[in-house]
Amino acid sequence: MKTRSPRAVVTGLMWLQHGGNLRHTSEQNDGVSRYGWLMHDGENFGVQEIRDEGLLLRTEFVKQPGGDHGGDWSWRVTAKMEGKGPAPLLSLFFYVATDGQGTLRPVLENGTRLAAVAGTAEELGDFTLTFLPPTGEGGEGPKYASYNFLAAGVPGLHRLTDLVRHSLRESSVFSPTGRPRRRFFGVSSTGGLPGEPPRGQLLLHQVTLEPPAVLEVTLESGSAAGARHGRLAGPALSAALTRHTAAFERRFEDTFGLGTRGVSLPAPRFAQAALSEMLGGIGFFHGRSLLRSERREEPLPGMESVLFTAVPSRSCFPRGFLWDEGFHLLLLARWDPALARDILAHWLDLLNADGWIPREQILGEEARSRVPPEFVLQHSETANPPTLLLALERLLPDAPLPYLRRLFPRLRSWFEWLNRTQAGPEPFTFRWRGRDPDPERFLNPKTLSSGLDDYPHASHPSAQERHLDLRCWMALGARVLAALAERLGEPHAPYRDMAAALSDNALLDRLHWASELGTFADLGNHSSAVALRWHRPAPVPGQPPAAPQLRREVREAPRLQFVAALGYVSLFPLLLQLLQADSPRLPALLGSMSSEQQLWTPFGLRSLARDSPLYLRRNTEHDPPYWRGSVWVNINFLALRALHGYARAAGPHRERAAKLYRELRQNLVANVFRQYEATGFLWEHYRDSDGTGQGCHPFAGWSALVVLAMAEDY
Ligand code: 6A9
């Protein structure tokens with residue numbers, strides 16, 4: 001829990017089942033079997049469950065606004081064991097830490113129990129954090145526990161886990177009366193991280209007990225003293241949690257109407273959890289990106305920025321990603337439009353003077369500590385699809401004019417940056433910049449900017465390329481900017497004209513219809529006859545033989561042609577609804593979508609057709625297929641949205657679109673739900689052969705769009 005401010009005071013929880021591992025941050029593959037927010041309103045209330053080696057932790061919070069500093073909050077942590085057998089010894093470590101500002105003063109009981117912390121900080125003013133004594137499960141009676149206490153300097157929040165781990169010593173003793181004594185690992189101030197200068201202070205309260213137990217922590221703001229009627233703990237906290245639970249359920253039903261659609265339990269619980277995981281993942285980040293500019297040799301730090309954003313995955317990618325955020329906002333805009341507007345505004349404040357927004361936001365040390373060094377640099381020629389405009393289109397009707405007025409110049413300069421820097425070889429064509437510079441190392445050089453990383457494009461990147469998906473994104477962008485300008489009474493004709501030109505079906509046909517392939521496609525310098533081969537570098541006299549390398553072999557010279565790679569990219573004119581309802585091209589696209597040889601699976605549309613040359617092919621020895629077959633929820637959501645639109649528009653393909661819509665929706669939602677039931681998580685993508693969740697988990701970024709699909713809210 002932290003404030004939305006750069007040098008925030010942070011509170012948190014670690015836990016340790018003695019004999020097991022110290023748990024703190026959300027990590028991929030750490031063995032914690034299930035965890036996630038079951039309810040979260042994005043603001044004042046949340047309920048999370050964590051299952052870890054037989055232990056069930058339930059963490060619940062309520063915030064209570066009041067005073068001048070954001071008010072009070074309370075947490076309740078309930079620990080119990082699932083299954084039978086003697087309860088192991090469990091330690092819960094509640095901590096509070098500063099990061100560059102603020103002071104904390106411990107209030108100790110009997111020398112070892114940290115009963116409270118009295119603090120002062122920029123955003124919080126004066127506050128008191130109280131650690132209430134543990135009770136039994138039904139709140140009955142005090143519970144026997146041992147206490148340890150740590151006060152230490154903190155070199156940075158990303159070092160907290162190590163700091164605590166290094167201070168653990170197996171010298172503490174748990175000895176309830178009449179029971180055998182047990183030794184356990186307790187924090188001691190003799191550990192620490194020598195040689196790292198402190199940026200802040202840590203106070204930590206370790207409670208060791210045998211589950212079941214209930215522990216409560218309250219933060220009381222000094223300035224809210226007058227407004228408070230008693231402490232938000234015990235029965236008062238129970239009542240507040242009950243009230244918030246009921247309000248959440250009501251608001252969820254009012255917003256998504258799953259009940260009235262007859263969606264039966266447990267599906268609505270799953271939908272609540274999917275939304276809540278996204279809301280619970282929202283964070284406030286602060287710091288500088290590391291940038292690579294075409295104008296300079298050396299990487300340089302970007303401007304100091306703050307970013308309030310949702311994240312794709314709490315474990316794998318706990319930071320902002322530009323095109324992911326547009327998808328997140330589609331869902332958030334329904335739940336809490338003001339919150340969505342706030343996040344969108346933060347993103348647009350990241351623009352630099354040229355109009356560029358870095359694709360991946362790795363701000364500050366804590367964020368950087370989670371990224372391998374080769375991924376840290378952001379290149380100033382690299383774009384990413386302008387999905388924020390998709391979200392804005394949804395927010396537009398209800399957004400206040402002053403807000404839109406402030407957004408407009410930023411959006412204009414962002415869109416103009418895209419239009420200028422990603423222009424294609426001919427008018428009304430576009431080309432993603434920044435494809436992999438060393439094509440011989442890859443089966444097909446990646447295009448990270450497009451968001452579809454390894455989706456095949458021309459085998460030999462060149463300035464002659466025309467990228468279909470980007471062209472369609474630009475059409476959408478021009479349309480939204482025209483609508484925004486019109487709403488503001490600003491000149492909108494240039495955007496209107498651009499939108500019209502980019503959605504002119506005849507021009508689209510001329511530039512991107514590949515009659516020899518029977519579909520829309522990219523154009524580029526391309527060879528289909530490529531393969532990876534082991535290659536032994538020529539020996540150098542006097543030097544040991546070099547290790548064999550995997551290199552690309554091109555068996556047929558590349559030539560300028562349409563790229564045979566049927567999949568998500570081919571569908572873009574349909575996905576973004578640029579094709580007219582009576583387009584003679586619709587049947588071909590609907591046919592590819594519904595063909596099992598191509599894109600149809602019982603779990604959603606796969607990213608690359610089964611009969612496409614690079615279907616499920618690795619890009620290098622270490623680079624398994626990613627957007628070369630898997631089912632991705634974000635693009636399936638766009639497909640549902642488009643089919644829903646075509647099913648409503650008068651035209652010769654209406655029935656067919658409607659049928660496809662119903663079946664695709666059923667398949668996609670049922671599989672994401674089934675995988676959630678089986679594993680406890682939403683996943684980054686789903687295997688096309690059997691629907692298994694793959695990649696990162698939990699991934700409640702765009703995979704949470706299933707909620708809108710369940711609600712049929714497009
Ligand atoms: C970091 C760190 C275990 C790849 O969801 C974020 C992005 C998408 O925008 C993109 O479309 N993901 C998709 O193709 C994940 C990006 C990961 C960046 C590399 C590596 C590993 O941590």
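Every number for a ligand or one of its atoms is a count from 1 in the order of the listing. Quantities reported herein were computed from a predicted structural model and do not represent experimental measurements.
If you look at Trp702 next to ligand 1, the close heavy atoms, those under 4.0 Å, all belong to the side chain.
Ring planes of Trp702 and Phe699: tilted class, angle from 30 to 60°.
Between the side chain of Arg292 and the backbone N or O of Glu297, at least one donor-acceptor pair lies under 3.5 Å. A donor-acceptor pair is defined here as one N or O able to donate and one able to accept, closer than 3.5 Å; no such pair exists between the side chain of Ser449 and the backbone of Ala383. The main-chain N or O of Leu578 is never found under 3.5 Å from a side-chain atom of Ser503 such that the two would form a donor-acceptor pair.
When side chains are defined from C-beta on, Phe284 counts as touching Pro6, because their heavy atoms get closer than 4.5 Å.
The nearest protein atom to atom 22 (O) of ligand 1, hydrogens excluded, is given as Cys316 O, 3.9 Å; this is a heavy-atom distance. Annotation: atom 1 (C) of ligand 1 to nearest protein heavy atom, Arg319 NH2, 3.5 Å. Protein heavy atom in closest approach to atom 17 (C) of ligand 1: Phe317 CE2, 3.2 Å. Nearest protein heavy-atom neighbour of atom 12 (N) of ligand 1: Tyr626 OH, 3.7 Å. In terms of protein heavy-atom proximity, atom 21 (C) of ligand 1 is closest to Pro372 CD, 4.2 Å. The protein non-hydrogen atom at the shortest distance from atom 18 (C) of ligand 1 is Glu360 OE1, 4.0 Å. Among all protein heavy atoms, the one lying closest to atom 9 (O) of ligand 1 is Asp324 OD1, 2.6 Å. Nearest to atom 16 (C) of ligand 1 among the protein's heavy atoms is Phe321 CE2, 3.8 Å.
Closest heavy-atom contact between Arg552 and Ser459: NH1-O, 3.0 Å.
For Asp453, a nitrogen or oxygen atom sits less than 3.5 Å from a nitrogen or oxygen atom of ligand 1, counting backbone and side chain alike. Ligand 1 has an N or O atom lying under 3.5 Å from an N or O atom of Trp627, backbone or side chain. Some N or O of Gly451 is nearer than 3.5 Å to an N or O of ligand 1, by distance alone. The shortest N or O to N or O distance between Arg370 and ligand 1 is not below 3.5 Å.
A centroid separation of 6.0 Å or more is found between the aromatic rings of Tyr626 and Tyr455. Between Tyr676 and Phe270, the gap from one ring centroid to the other is short of 6.0 Å.
Shown in contact with Trp323 at under 4.0 Å from a heavy atom are these atoms of ligand 1, numbered in order with element: 8 (C), 9 (O), 10 (C), 11 (O).
In this structure, CG in Leu668 is found 10.5 Å from CZ in Phe637, a value given to the nearest 0.5 Å.
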